[in-house]
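Below: one structure, written as structure tokens.
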There are 2 protein chains.
Amino acid sequence: MRWDDIDKQICSVARALSVVGERWTMLILRDAFLGTRRFDQFQSNLGITRHRLSERLGKLVDQGVLVKVPYHDRPLRHEYRLTRKGLGLYPVLMSLARWGDEWMDKGEGAPLEYIHQRCGHMTRPTLTCSECAEPLRPEEVRPRLGPALQDPNLPPQQASLKKIPSLSKPAG
Amino acid sequence: MRWDDIDKQICSVARALSVVGERWTMLILRDAFLGTRRFDQFQSNLGITRHRLSERLGKLVDQGVLVKVPYHDRPLRHEYRLTRKGLGLYPVLMSLARWGDEWMDKGEGAPLEYIHQRCGHMTRPTLTCSECAEPLRPEEVRPRLGPALQDPNLPPQQASLKKIPSLSKPAG
DNA sequence: TAACTGGGTTCCAGATCGGAACGAGTATGG
DNA sequence: CCATACTCGTTCCGATCTGGAACCCAGTTA
């Protein structure tokens with residue numbers, strides 16, 4: 001299968017990655033969450049080439065993750081802002097950052113810390129259950145078929161997805 | 001900057017992406033969390049080429065995200081299991097999946113649902129504050145410099161990172 | 001002996017990337 | 001009026017990465 005076809009998979013992770021799974025895209029969004037909005041700011045913060053940046057920003061705008069908002073006429077200039085769809089990626093980025101802090105640390109500690117202004121404390125973002133508020137641990141979560149996979153006439157290449165193996169103990 | 005150099009950035013997101021940011025890697029891990037362990041299973045589930053799969057699995061093993069565990073001698077066969085470091089990526093994958101469910105739905109509903117066995121309910125994974133347990137909203141979190149960025153003799157190209165703009169209201 | 005299975009590796013054409021040069025629209029300085 | 005500069009891109013080209021198919025190798029079944 002070609003990478004370009006992953007958005008056709010019946011899998012939310014694959015669909016999400018078809019939007020944010022390319023090189024640089026997540027780093028562009030990280031910068032957007034930290035307040036970067038203009039082409040040149042992105043370019044100098046990231047060290048990405050202009051060509052690639054232009055392409056990625058264009059795709060994010062097409063997908064509704066960013067919007068172009070004019071901030072100056074004559075010459076017409078736009079800045080790129082997160083939409084609600086883009087803001088929805090906050091948990092993904094924070095989870096990535098926390099994993100990087102915990103497992104890719106080079107001994108100097110975390111680059112950034114986060115203050116939760118609502119409670120005033122330094123926070124460690126934690127994924128929890130919406131129903132019981134306990135932290136979600138992979139061994140305690142069991143996937144089951146949702147509406148999209150209960151359709152009896154699935155395309156044949158998706159058939160293997162219907163068998164969900166149960167998650168058992170890992171090594172390490 | 002070349003993509004291969006992003007692990008040298010003083011940024012946890014960049015470091016995390018240096019391990020899991022390549023094409024297919026997250027989908028391999030999604031399958032691993034659903035119980036896939038053997039080369040051929042990954043290959044047929046994902047539709048990735050053997051060559052690419054071999055390369056990605058090798059890198060994940062090198063990075064300590066997966067381990068090779070023998071399950072058969074004569075001929076020697078290994079399976080790939082998540083380590084604790086790999087299990088640490090669960091919030092990233094669940095956040096991606098939830099974003100895909102919410103924003104990339106094609107009208108048929110979610111492919112998979114998740115039952116939290118501890119409480120017995122269908123869960124919507126939510127990122128919360130470790131201190132006050134409230135859901136983390138980007139407007140309510142303020143980043144500040146951590147230990148790794150307080151060092152006065154930073155490499156010059158990282159200087160721009162020291163200016164953290166505050167997050168203001170998005171459009172959309 | 002032949003075909004099959006699991007787990008790869010080799011090869012190559014085509015897609016993607018990074019770096020540098022180029023360009024358009026507008027402002028600034030003299 | 002002309003040169004220069006700034007912002008936000010686009011074009012071009014050589015290098016790298018990717019996907020598809022073929023090949024390999026150690027056992028195993030028939």
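A, B, ... follow the sequence lines: proteins, then strands. Residue 1 opens every chain.
Atom pair F42(A):CZ and dT7(D):P shows a separation of 16 Å (rounding to whole Å applied). Summarising the geometry, the separation between OH on Y71(B) and P on dT5(C) is reported as 14 Å, rounded to the nearest angstrom. Regarding M1(A), its CE atom lies at a distance of 16 Å from the P atom of dT18(D), rounded to whole Å. Spacing between atom CD of E22(B) and atom P of dC17(D) amounts to 9 Å, rounded to whole angstrom units. Rounded to an integer number of Å, the gap from CZ of F39(B) to C1' of dT5(C) is 13 Å. At whole-Å resolution of the value, CD1 in I48(A) and C1' in dC17(C) are 10 Å apart. Atom CG in L46(A) sits about 15 Å away from atom P in dC8(D), given to the nearest Å. Atom-to-atom, CZ of R23(B) to P of dG20(D) comes out at 11 Å; the value is rounded to the nearest Å.
For dT16(D), neither phosphate oxygen OP1 nor OP2 lies less than 4.0 angstrom from any side-chain nitrogen or oxygen of R2(B). For dG19(D), one of the phosphate oxygens OP1 or OP2 lies less than 4.0 angstrom from a side-chain nitrogen or oxygen of W24(B). Dashed line: the shortest gap from a side-chain N or O of Y80(B) to OP1 or OP2 of dG6(C) is not under 4.0 Å.
W99(B) is not listed as a side-chain neighbour of L96(B), based on a closest heavy-atom distance of 4.5 Å or more. Taking 4.5 Å as the limit, some side-chain heavy atom of L27(B) sits within range of a side-chain heavy atom of W3(A). P147(A) places a side-chain heavy atom less than 4.5 Å from the side chain of E113(B). Inter-residue side-chain proximity for E134(B) and C119(A) is flagged as unmet; no heavy-atom pair is nearer than 4.5 Å. Proximity of L82(B) to L29(B): side-chain heavy atoms (C-beta onward) are separated by under 4.5 Å at one or more points.
Note on D4(A): only backbone sugar-phosphate atoms sit closer than 4.0 angstrom, heavy atoms only; bases stay farther off.
Listed by residue number, the members of residues 49-63 of chain B with any heavy atom below 4.0 angstrom from DNA chain C are R50(B), H51(B), S54(B).
In this structure, the side chain of R98(B) engages the main chain of P125(B) through a donor-acceptor pair within 3.5 Å.
When distances are taken from the side chain of W3(A) to each of dG19(D), dG8(C), dG6(C), the shortest belongs to dG19(D).
Between Y80(A) and F42(A), the two ring planes are perpendicular [angle over 60°; tilted spans 30° to 60°].
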